[in-house]
**Student:** 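One structure follows; several queries about it will come next.
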Number of protein chains: 2
Amino acid sequence: MKLTTKGRYAVTAMMDLALHAKIDCVSLVDVSERQTISLSYLEQLFRNLKKAGLVNSVRGAKGGYMLAKADKDISLADILVAADEQINLACGGSACSDETPCLTHGLWVNLSQQFYQFLNSKSLNDLVKSRDVQTMATMQDVTQIGNIPVHISNDTENDYV
Amino acid sequence: MKLTTKGRYAVTAMMDLALHAKIDCVSLVDVSERQTISLSYLEQLFRNLKKAGLVNSVRGAKGGYMLAKADKDISLADILVAADEQINLACGGSACSDETPCLTHGLWVNLSQQFYQFLNSKSLNDLVKSRDVQTMATMQDVTQIGNIPVHISNDTENDYV
DNA sequence: CCGATTCCCGAGTAAAATACTCAGGTTTCA
DNA sequence: TGAAACCTGAGTATTTTACTCGGGAATCGG
């Protein structure tokens with residue numbers, strides 16, 4: 001049970017947008033440098049994120065991406081699914097289906113649903129507010145030359161929940 | 001986020017033991033036939049399950065496997081880990097470690113822990129008691145020729161959780 | 001004691017999935 | 001007009017998965 005880089009990078013990139021695309025859009029070059037993710041891979045990922053309606057794009061010079069909705073309305077599950085990371089533990093092959101299930105089929109279906117619900121209950125905003133991310137983000141901003149860090153002062157800091 | 005067949009088969013096989021190895025041990029040939037899992041693959045899986053101390057084996061003719069502990073003392077997490085199915089969503093590569101974490105590193109570590117705890121809270125006994133599994137097991141027993149179905153009559157039937 | 005049955009073990013391998021890259025095109029700003 | 005960005009399809013090396021195979025060692029029944 002692991003996550004592919006697609007899913008992980010997608011969440012990281014979306015978090016980057018949530019942190020930096022407050023006023024106007026942010027280019028993938030910026031995201032790429034801040035999060036050390038290859039530019040071409042990011043472009044590929046953002047195709048999916050856009051198709052899923054999670055981000056809007058602005059073409060041309062000074063263009064970039066921004067969140068299509070408020071960060072509180074985007075869940076971890078939304079991002080993972082968009083990044084084509086299935087949240088499905090069940091066996092979808094030849095041996096076992098909903099019609100001819102194996103002994104544990106129901107278990108996996110059930111478990112997948114619970115995981116989905118869990119991941120769906122965590123919004124991008126929840127993540128961004130966490131102490132870990134806040135400090136990481138500050139570091140990334142400071143490291144960047146000529147970029148004055150701007151932060152959301154937040155009283156409800158938490159450790160992910 | 002998906003499960004490999006290793007993990008899935010391991011749980012299925014352990015469930016089979018819990019259902020059928022009540023009195024004496026059960027051979028992998030039987031498990032293989034009942035659950036339609038290749039024998040040689042099962043043998044490979046049971047190496048790990050044994051190494052992890054989840055099953056005991058009896059060699060020679062009339063030999064086989066049985067649970068090493070009570071089914072209520074074996075958790076889903078135990079089985080998955082034994083079957084060498086990592087419950088780890090974090091990025092363990094070059095880019096990101098506990099020392100030099102990426103923006104989302106903490107998130108994945110945290111999430112992994114929560115998933116682990118969840119899977120660790122479900123015992124083999126919980127699964128075996130579920131209505132789905134009970135009916136599936138009955139079907140499998142009836143299909144088998146010359147095998148009189150024996151069931152655990154249980155008042156606390158549930159649908160997984 | 002012999003042969004069937006079963007666990008045990010190391011190693012190999014085809015197919016699938018992953019994690020990318022690359023080459024080009026289009027839109028927009030200055 | 002040219003640089004900066006998004007956009008797109010396709011290709012590909014590497015890794016992982018899901019097995020198989022061949023042989024060995026214990027144990028039981030006859």
Side-chain angles (χ1 to χ4, degrees), chain A residues 1-10 12-13 17 21 24-33 35-52 54-66 68 80 83-86 88-89 91-96 102, chain B residues 1-10 12-13 17 21 24-33 35-52 54-66 68 80 83-86 88-89 91-96 102:
Chain A
M1 218 185 73
K2 52 186 179 183
L3 227 46
T4 61
T5 53
K6 259 186 189 166
R8 247 184 286 117
Y9 286 170
T12 306
L17 287 200
D24 52 350
C25 61
V26 158
S27 80
L28 289 191
V29 180
D30 285 1
V31 178
S32 167
E33 283 171 359
Q35 310 304 337
T36 50
I37 303 172
S38 125
L39 178 58
S40 40
Y41 201 35
L42 271 180
E43 288 184 325
Q44 203 193 83
L45 294 178
F46 272 77
R47 277 184 227 182
N48 293 327
L49 295 176
K50 187 173 183 196
K51 211 185 318 173
L54 298 184
V55 295
N56 288 329
S57 62
V58 180
R59 300 185 72 164
K62 293 268 171 185
Y65 289 93
M66 57 201 323
L80 292 177
D84 147 276
E85 181 87 50
Q86 308 283 358
N88 182 17
L89 306 176
C91 25
S94 50
C96 174
C102 68
Chain B
M1 219 184 73
K2 51 185 179 182
L3 225 48
T4 61
T5 52
K6 259 186 190 167
R8 244 182 291 117
Y9 287 171
T12 305
L17 287 200
D24 52 350
C25 59
V26 157
S27 79
L28 289 191
V29 180
D30 285 0
V31 178
S32 167
E33 283 172 359
Q35 310 305 336
T36 49
I37 303 172
S38 122
L39 178 60
S40 42
Y41 200 35
L42 270 180
E43 288 185 329
Q44 203 192 82
L45 294 177
F46 272 77
R47 279 185 227 182
N48 293 327
L49 296 175
K50 186 173 186 195
K51 212 186 319 174
L54 298 184
V55 296
N56 287 330
S57 62
V58 180
R59 300 185 74 167
K62 292 268 171 182
Y65 289 94
M66 58 200 323
L80 292 176
D84 140 279
E85 181 87 49
Q86 308 284 356
N88 181 17
L89 307 175
C91 25
S94 51
C96 174
C102 68

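Note on naming: letters A, B, ... go to the chains in the order of the sequence lines (proteins, then strands), and numbering restarts at 1 for each one. Values below: every heavy atom of this structure, side chains too, minus hydrogens, waters and symmetry copies.
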**Student:** Who pairs with B:Asn56 by side-chain hydrogen bond (donor to acceptor under 3.5 Å, both in side chains), at least two apart in sequence or on another chain?
**Tutor:**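 With neighbours one apart ignored, the set is empty.
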**Student:** To the nearest 0.5 Å, tell me how far B:Gln35 CD sits from B:Asp30 CG.
**Tutor:**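 If we round to the nearest 0.5 Å, B:Gln35:CD and B:Asp30:CG are 10.5 Å apart.
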**Student:** Would you kindly compare B:Phe46 and A:Thr5 by the position of their nearest DNA chain C nucleotide and give the one closer to the 5′ end?
**Tutor:**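 First, find each residue's nearest nucleotide; the 5'-ward one identifies B:Phe46.
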**Student:** Please answer whether the main-chain N or O of B:Leu3 pairs with a side-chain N or O of B:Glu85 as donor and acceptor at a distance below 3.5 Å.
**Tutor:**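 No; zero donor-acceptor contacts below 3.5 Å.
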**Student:** For residues 40-49 of chain B, which side-chain N or O atoms pair as donor and acceptor with protein atoms under 3.5 Å away, sequence neighbours left out?
**Tutor:**
{"from": "B:Ser40", "atom 1": "OG", "to": "B:Ser38", "atom 2": "OG", "distance (Å)": "3.4"}
{"from": "B:Tyr41", "atom 1": "OH", "to": "B:Thr5", "atom 2": "OG1", "distance (Å)": "3.2"}

**Student:** Considering heavy-atom distances to DNA chain D, does A:Ser57 or B:Leu3 have its closest nucleotide positioned more toward the 5' end?
**Tutor:**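 The 5'-side residue here is A:Ser57.
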**Student:** Under a criterion of less than 4.0 angstrom to any heavy atom of chain A, what are the 5'-terminal and 3'-terminal contacting nucleotides of DNA chain C?
**Tutor:**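 On DNA chain C, the outermost contacted nucleotides are C:dT18 to C:dC29.
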**Student:** Starting at CD1 of A:Ile37, measure out to SG of B:Cys102 and round the result to the nearest 0.5 Å.
**Tutor:**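 Result: 8.0 Å between the selected atoms.
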**Student:** Of the non-hydrogen atoms in A:Ala21 and A:Tyr65, which two are nearest, and what is the gap between them?
**Tutor:**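 Closest heavy-atom pair between A:Ala21 and A:Tyr65: CB-O, 3.9 Å.
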**Student:** If a protein heavy atom is under 4.0 Å from the base, mark B; if only from the sugar-phosphate, S; if neither, -; do that for nucleotides 20-30 of chain D going 5' to 3'.
**Tutor:** B---BBBBS--
**Student:** Return the minimal non-hydrogen interatomic distance between B:Gly64 and B:Cys25, and the atom names on each side.
**Tutor:**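 So the two residues come closest at N-SG, 3.5 Å.
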**Student:** So, taking the atom named CG in A:Leu80 and the one named CD in A:Gln86, what distance separates them when rounded to the nearest 0.5 Å?
**Tutor:**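 Here the rounded value is 11.0 Å.
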**Student:** Output all residues satisfying salt bridge (charged side-chain N to carboxylate O under 4.0 Å, His left out) with A:Lys6, sequence neighbours left out; order by chain, then residue number.
**Tutor:**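 Testing A:Lys6 for salt bridge (charged side-chain N to carboxylate O under 4.0 Å, His left out), a comparison that skips the adjacent residues, returns A:Asp84.
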**Student:** Start at the 5' end of DNA chain D and walk down; is the nucleotide closest to A:Lys50 or to A:Lys2 reached first?
**Tutor:**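 Closest to the 5' end, via its nearest nucleotide, is A:Lys50.
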**Student:** I need the B:Thr12 OG1 to B:Leu17 CG distance, nearest 0.5 Å.
**Tutor:**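 Nearest 0.5 Å value for the OG1-CG distance: 11.0 Å.
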**Student:** What integer distance in Å separates A:Leu49:CG from D:dC7:C1'?
**Tutor:**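 The distance from CG of A:Leu49 to C1' of D:dC7 comes to 14 Å, rounded to the nearest Å.
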**Student:** What is the bend of the helix from C:dC1-D:dG30 to C:dA30-D:dT1 when you compare the axis at one end with the axis at the other, using five pairs each and rounding to 10°?
**Tutor:**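 Comparing the axis at each end, I get an angle of 10°.
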